[in-house]
Protein chains: 2
Amino acid sequence: MEDWKDLIRTVPDFPRKGILFRDVTTLLKDGEAFRGVIESFYKRYVSNQVDLVVGVESRGFILGGALAYRLGVGFVPVRKPGKLPAQTIRVEYELEYGRDALEIHRDAIRPGDKVLVLDDLLATGGTASATCQLVEKLQGIVVEVAFLIELLGLKGREKLEGYKVFSMISYEGS
Amino acid sequence: MEDWKDLIRTVPDFPRKGILFRDVTTLLKDGEAFRGVIESFYKRYVSNQVDLVVGVESRGFILGGALAYRLGVGFVPVRKPGKLPAQTIRVEYELEYGRDALEIHRDAIRPGDKVLVLDDLLATGGTASATCQLVEKLQGIVVEVAFLIELLGLKGREKLEGYKVFSMISYEGS
C-alpha cells in the first residue's frame, strides 16, 4: 500500500491556496495499481453479501463502477442536485462556507438492500454522511463507508459515527 | 442486448422540454446487466492491446472505471475545466448554445499509448470529438470511441469521422 501512496500526487494550493490536494489520477492511470486497489476492496467486501455499491459524484464513480463490477452487483450514483433525471430525494449538508446537497433516485435502492458507500476521499465527511442519510431514507442498510484516502486531520470519522468506516491510505493533517 | 435496452429508462422533458433522456442508472443498478455490458466491451477490446481507457465526466467514469479494471489497464479522466488539479491541456467545442471545454492532465498519456475512449452516450458527438483531440494532442492513438448508447438521429458519428466508433445500444431519433 505504501507503493500506492507513492503513486498519489500531491498538488499544493488546489483548489485554493493552502490546500494540499491528493490527486488519485496518477494512481488510476497505473493499470497494476488500479487493479490492486480494486482487488483489495473486493477481498474486504466479497463475503459481506453487498447488494449495491453507491458512489459519489464524480471520482467515486471510477472506483465505485470498478468495484461494483468486480463484486457482480449494481452501481448507484449519488449526484449533485439537478443531475439525476427521474424522481429523487435530497439531503443537504454543511460546507465550510454555506450549504450543498446531494440526490439519489428514489427507486435506486430497495428496502433492506445492503449498501457499500464508496468515495475516493474522506475529508470532513460531509458528503459521505449525506450519502449514508440518502441510503437510509430509502431504507437501505449501510454495510460500510469506504475510501481510498483518508485525511486524518479533518476528523471525518467523527461525522460518520455509528457507521463502519474503512480507508485504504491515510495522511496525517488535512 | 434488447434486455439491456429494456433496462434503460426514458425520462421525457429532461434536462429540458422536448428531450427524451435515456437514463442508464436503471441498467447500472442491475448487477447482472452491468456485468454483462462490461463483459461485452471487454470481449471487444481484450485483443486490441489497449493501454488506457479514457472516460468522460461524469457517467463515463462509471463504465470507464469498470472496463479499465476488467482490461487490467489504467483509467484516465477527461473533465470540465478547473476540476483536474495538475497541469492540463484544454479543447473547446461547440454546444447547441455557446461553447464548452474539456481538460486532461498533460502527463496522463504517453506518446504512442493506445487509448480507448469510452462514454455512456453518443449524442451530437461534441464531447467525444473533443476527447479524441485531447488524446491526440498528447500523441495518444485513439483505438476506438465506444458508447453504451447512440442516438442515431443526432448523427454524432459524422463528428467522429476518421475514428472507429462503436455503440452497444442505439435509438432512432434524438
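Please read these numbers as outputs of a predicted model, since none were measured by experiment. Within every chain, numbering begins at 1; the chains are lettered A, B, ... in the order of the sequence lines, protein sequences first and strands thereafter.
With a threshold of 4.5 angstrom between heavy atoms, A:L84 approaches chain B through its backbone and through its side chain. The parts of B:R70 that come within reach of chain A are both its backbone and its side chain, each placing non-hydrogen atoms under 4.5 angstrom from that chain. Contacts of B:F75 with chain A are made by both backbone and side-chain atoms, with heavy-atom separations under 4.5 Å. If you measure heavy-atom distances from A:P77 to chain B, the contacts under 4.5 Å come from the side chain alone. Only the side chain of B:V11 comes within contact range of chain A, with at least one heavy atom under 4.5 Å from a heavy atom of that chain.
Listed here is the closest heavy atom pair of B:F14 and A:G82: CZ-O, 3.4 Å.
A:V143 is not connected to A:L138 by any chain of hydrophobic side-chain contacts under 4.5 Å among Ile, Leu, Val, Met, Phe, Trp and Tyr, and they are in different clusters. Residues B:F41 and B:Y163 do not share a hydrophobic cluster, defined by chaining ILVMFWY side chains whose heavy atoms lie under 4.5 Å apart. Linking Ile, Leu, Val, Met, Phe, Trp and Tyr whenever their side-chain heavy atoms come within less than 4.5 Å puts B:I38 and A:V73 in one cluster. Cluster annotation: B:M168 is not connected to B:F147 through the hydrophobic network of ILVMFWY side chains, with a link wherever side-chain heavy atoms come within less than 4.5 Å. Under a hydrophobic clustering in which Ile, Leu, Val, Met, Phe, Trp and Tyr are joined whenever their side-chain heavy atoms come within less than 4.5 Å, directly or via other members, B:V145 and B:I169 fall into different clusters.
Within residues 100-128 of chain A, the residues that have a heavy atom under 4.5 Å from a heavy atom of chain B are A:H105, A:D107, A:A108, listed by number. Residues of residues 44-60 of chain B placed with any heavy atom under 4.5 Å of a heavy atom in chain A are listed by number as B:L52, B:E57, B:S58, B:R59.
If you tally non-hydrogen atom pairs under 4.5 Å between each of A:T26, A:V76, A:D23 and chain B, the highest count goes to A:D23. When the candidates A:F21, A:F34, A:F61 are compared by the number of heavy-atom contacts under 4.5 Å with chain B, A:F61 comes out ahead.
When the shell of 6.0 Å around CD of A:E32 is examined, it contains 12 or fewer heavy atoms from other residues, nucleotides or ligands.
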